[in-house]
Amino acid sequence: MARRPIEIECVEVWRHISDYIDDAVDPELRNILLNHFKGCAHCTAVLDGSRNVVRLMGDGKAFDLPAQTSKRLYLKLDEYLGARQNGSKN
């Protein structure tokens, strides 16, 4: 079975995952993302994890992260995304 060429970079997919989950992307982008998910196990895992977070947050049993944990999480995400945009892989 031939793989389809990936038309969109993973970092760009991540920027659209929330809108994709909310069905708030145009049909063309939706198809591009769908094709990407079919060929990229990493982005499919990110999508599944994001859906799980949405489900957990929506169940009414959500909890707040301690301020320092939240701050460290955002710093680590910024660092990771910056490295990806510069071409290195952490």
Side-chain angles (χ1 to χ4, degrees):
M1 182 169 167
R3 289 188 145 205
R4 296 177 189 177
I6 296 177
E7 301 176 18
I8 187 171
E9 296 292 323
C10 294
V11 171
E12 191 65 23
V13 170
W14 301 339
R15 288 186 184 117
H16 295 288
I17 280 184
S18 180
D19 289 335
Y20 178 85
I21 291 170
D22 292 340
D23 199 22
V25 295
D26 64 66
E28 181 181 359
L29 179 56
R30 183 170 224 33
N31 285 331
I32 291 170
L33 293 170
L34 267 171
N35 287 330
H36 185 90
F37 293 131
K38 288 177 185 176
C40 182
H42 181 76
C43 285
T44 300
V46 172
L47 175 64
D48 291 342
S50 298
R51 282 184 174 147
N52 287 337
V53 169
V54 169
R55 208 174 357 257
L56 286 170
M57 296 303 289
D59 76 357
K61 299 177 186 175
F63 55 91
D64 291 326
L65 290 174
Q68 290 302 316
T69 301
S70 180
K71 186 176 182 178
R72 284 193 315 267
L73 174 63
Y74 280 109
L75 288 172
K76 191 67 174 170
L77 285 171
D78 286 343
E79 176 184 308
Y80 178 77
L81 291 173
R84 293 282 299 193
Q85 287 177 341
N86 293 328
S88 67
K89 294 182 180 182
N90 286 348

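- Residue Leu34 holds its CG atom at 9.0 Å from CG of Leu47, rounded to the nearest 0.5 Å.
- Rounded to the nearest 0.5 angstrom, Leu33 CG and Glu28 CD are separated by 10.5 Å.
- Inter-residue side-chain proximity for Tyr20 and Val13 is flagged as unmet; no heavy-atom pair is nearer than 4.5 Å.
- For the residue pair Ile21 and Ser50, the shortest heavy atom distance occurs at CD1-CB, 3.6 Å.
- The shortest side-chain heavy-atom distance between Ile17 and Arg51 does not fall under the 4.5 Å cut-off.
- Residue Asp22 holds its CG atom at 6.5 Å from CG of Asp19, rounded to the nearest 0.5 Å.
- What you find for His36 and Glu9 is that their closest heavy atoms are CE1-C, 4.4 Å.
- Here the shortest heavy-atom pairing between Cys43 and Trp14 reads SG-NE1, 3.4 Å.
- Here the CZ-CG distance, from Arg55 to Asp48, works out to 8.5 Å after rounding to the nearest 0.5 Å.
- In this structure, the separation between CZ on Arg72 and CD on Glu79 is 13.5 Å, given to the nearest 0.5 Å.
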